[in-house]
Amino acid sequence: MNFQLRPAFILGLAFVSAFTPANAATKDDKKSVVPVKRPAVRVDASPLEAKTGIVMSYADVVEPVQKAVVSIYSTKFLHERVNPLVRQLFPNMPESEERKQEGLGSGVIVSADGYILTNNHVVEGADELKVSLADDREFVAKVIGTDPKTDIAVVKIDAANLPTVALADSDKIRVGDVVFAVGNPLGVGQTVTMGIVSAKNRNVEILKEAGGYEDFIQTDAAINMGNSGGALIDAKGRLIGVNSAILSPSRGSIGIGFAVPVNLAASIMNSLVETGTVSRGYLGVRTDNVTGDVAEQLGLPKDTKGVVVTDIYPNSPAEKIGLKRSDVILGINDHGVSTTDELRLLISQTAPGTATKLKIMRDSKERTMDVTLDKLTEKPNELFAGVNVKELKALASEERRKLLLEPGVSGVVVSDVADDSPYRERLAPDMVIVEINRTAATDVTIARSLVQPGRNLLLIFYRGGYRYLSLTVRAE
């Protein structure tokens, strides 16, 4: 049986184009941005207390939250070209027809002046957004900003004195905590389901194609299409996550749902509100997980938890503080690190320019190093470190002739390779990457999703012929 990850929202047809918020910052980092005050949210970071006795009802906990969970209706207008043969029969028909596409998701009011947390995939590509409150009031909503890499979006409505949900500290949740999912599944109306925290720190690769950052809370509280962007709350009625996806062999819940932790969602929200974009920290290392065998080779106890540095980027913060290959990163500030994904997530959540403490192991001795992180620069056309590619379909006919392309050749072509790229000896400009790991690399997004840490098998078309090339990629 094939299982599929599905976003938990209702949509007639999948949105295909990205939404660009009106006030989002451009790619030009030099453009000045007018500071905006972050939303005034309520925060309750106290831990849950285990209590004995029978609880007969959670109505007093759930009822206030229901007032702060909204339904979000999205509309997109698609222009489809009319078949030329049909226009020959009916000459007065327009060249294109407009079709309206509608979707439904949920959201959570986090500030009394109208800031709402939801999912990126709920609002992505929308031309119009309408928010319906629990008291049946409706508002036109404005997208403040979106972050596909975490599937978080912030929208705002023009209102005051709205009901809100207090934010918990999602780092303090435990497996077994009672939780409730609140949203509008399948358009039936606001619904509350109950479950527990089934797992933490899940990475299920639903955001892999976007180069995303995953740290999902897993729950068995029923989440269905339409719940996306809704609230996952604890037994005190505090927001611990934003419902995002389900794992299911069908379109319905089987008790495996995922929510973005509120700590991550809130940090993304504050950045989007204040600057219109998301700034992420950059350390500049490649790492591998420390397994028992790796620990033994490094002369460390087999139960050592951490990541070993395998490469360091030139002029990076890591190089500047003297980090070395074979150093083992054990933690960042007060957070332990046990996997490369965990390191990447923690670095991304740290603002550029932040003074950070790295706990490392070198020569079997623990030490602490101070580092100030740089800003991560997104490289949308970078396939491997220092290797940029572009799509063949974007090439002019003259460029295609230069590449000696045979009919039917598809893939991505290497446009340039940086002098400091670790792949400079293997890849060169004008190489066409046809397949990665025996799957067609038809465009840049698909090509990036096919690359995996470790050995990768590439089918290359170069100078008129095909050949296979094995490339070892280290996880960042």
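Numbers for residues simply follow the sequence, beginning at 1.
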message: Applying side-chain contact (heavy atoms from CB on, under 4.5 Å) to Val110 and Thr164, what does each step give before you reach the verdict?
response: CA-CA 5 Å; Val110 294; Thr164 63; 5.9 Å; no

Trace of the salt bridge (charged side-chain N to carboxylate O under 4.0 Å, His left out) decision for Asp135 with Arg137 | CA-CA 6 Å; Asp135 60 8; Arg137 285 185 293 167; 2.9 Å; yes

Mind checking the [atom1]-[atom2] spacing from [X] to [Y]? Nearest 0.5 Å is all I need.
X      : Y      : atom1 : atom2 : value
Asn243 : Asn224 : CG    : CG    : 10.5 Å
Ser106 : Leu117 : OG    : CG    : 13.0 Å
Lys200 : Arg174 : NZ    : CZ    : 9.0 Å
Ser244 : Ile206 : OG    : CD1   : 6.0 Å
Ile347 : Thr356 : CD1   : OG1   : 6.5 Å
Leu459 : Glu435 : CG    : CD    : 5.0 Å

Will you find, in the side chains of [X] and [Y], an N or O donor that is under 3.5 Å from an N or O acceptor?
X      : Y      : result
Thr291 : Asp293 : no
Ser46  : Lys236 : yes
Ser250 : Ser248 : yes

If only atom types and distance count, is the side chain of [X] paired as donor or acceptor with the main-chain N or O of [Y] below 3.5 Å?
X      : Y      : answer
Asn119 : Asp151 : yes
Asp177 : Val197 : no
Asn289 : Thr340 : yes
Glu128 : Ser74  : no
Ser170 : Asn263 : yes
Asn456 : Gly454 : yes
Thr193 : Ala222 : yes
Ser338 : Gly306 : no
Asp234 : Gly237 : yes
Asn381 : Val444 : no

Looking at Tyr73, I'd like to know if the NZ or CZ of Lys130 sits under 6.0 Å from its six-membered ring centre while staying within 45 degrees of the ring's axis.
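Verdict for Tyr73: a cation-pi partner in Lys130.
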
Ring-face cation of Lys156 near Tyr115 (centre distance under 6.0 Å, axis angle within 45°):
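Yes - Lys156 lies over the ring of Tyr115, closer than 6.0 Å to its centre and within 45° of its axis.
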
Can you find a pair of side-chain heavy atoms, one from [X] and one from [Y], that are under 4.5 Å apart?
X      : Y      : answer
Leu48  : Ile173 : no
Met269 : Pro39  : yes
Ser253 : Asn227 : no
Ile217 : Arg202 : no
Ile329 : Leu343 : yes
Leu457 : Ile436 : no
Val155 : Val122 : no
Val278 : Leu272 : yes

Closer than 4.0 angstrom, basic N to acidic O: yes or no for [X] and [Y]?
X      : Y      : value
Arg344 : Glu342 : no
Arg238 : Asp44  : yes
Glu366 : Lys359 : yes

Given the rule in the side-chain contact (heavy atoms from CB on, under 4.5 Å) test, do Val337 and Ile332 qualify, once you have shown the distances and angles that lead to the verdict?
CA-CA 7 Å; Val337 171; Ile332 299 177; 4.2 Å; yes

side-chain hydrogen bond (donor to acceptor under 3.5 Å, both in side chains) between Thr339 and Asp341, intermediate numbers included
CA-CA 5 Å; Thr339 67; Asp341 286 338; 5.3 Å; no

*asked:* Asp370: which residues meet the salt bridge (Lys or Arg N to Asp or Glu O under 4.0 Å) condition with it, sequence neighbours left out?
replied: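 With neighbours one apart ignored, the set is Lys357.
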
Query raised in the report: Crowded around Lys172 NZ? As in, over 12 foreign heavy atoms under 6.0 Å?
Result: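 More than 12 within 6.0 Å, yes.
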
The test is side-chain hydrogen bond (donor to acceptor under 3.5 Å, both in side chains); show your working for Asp147 and Thr150 and say whether it passes. CA-CA 6 Å; Asp147 183 40; Thr150 55; 2.6 Å; yes

Worksheet entry | Ile433 vs Phe384, side-chain contact (heavy atoms from CB on, under 4.5 Å): CA-CA, chis, key distance, verdict | CA-CA 12 Å; Ile433 302 173; Phe384 306 104; 4.3 Å; yes

*Between Asp215 and Asn201, does a side-chain hydrogen bond (donor to acceptor under 3.5 Å, both in side chains) hold up when you go through it step by step?*
CA-CA 4 Å; Asp215 190 35; Asn201 311 120; 2.8 Å; yes

For the student: nearest non-hydrogen atoms of [X] and [Y], plus distance:
X      : Y      : answer
Ile312 : Leu323 : CD1-O, 2.6 Å
Pro163 : Lys67  : CG-O, 3.2 Å
Val179 : Ile240 : CG1-CD1, 3.5 Å
Arg38  : Val273 : CA-CG1, 4.0 Å
Asn184 : Gly189 : OD1-N, 2.8 Å
Val290 : Val308 : CG2-N, 3.7 Å

Please evaluate residues Thr277 and Thr275 with respect to the criterion side-chain hydrogen bond (donor to acceptor under 3.5 Å, both in side chains), reporting the C-alpha separation (whole Å), side-chain torsions for both, the decisive distance (0.1 Å), and the verdict.
CA-CA 5 Å; Thr277 187; Thr275 69; 5.5 Å; no

Go through Gln452 and Val473 one step at a time and tell me if the side-chain contact (heavy atoms from CB on, under 4.5 Å) criterion holds.
CA-CA 7 Å; Gln452 57 190 22; Val473 177; over 6 Å; no

Ring pair (Phe, Tyr, Trp, His ring centres under 6.0 Å) filter on Tyr282, not counting sequence neighbours, yields none

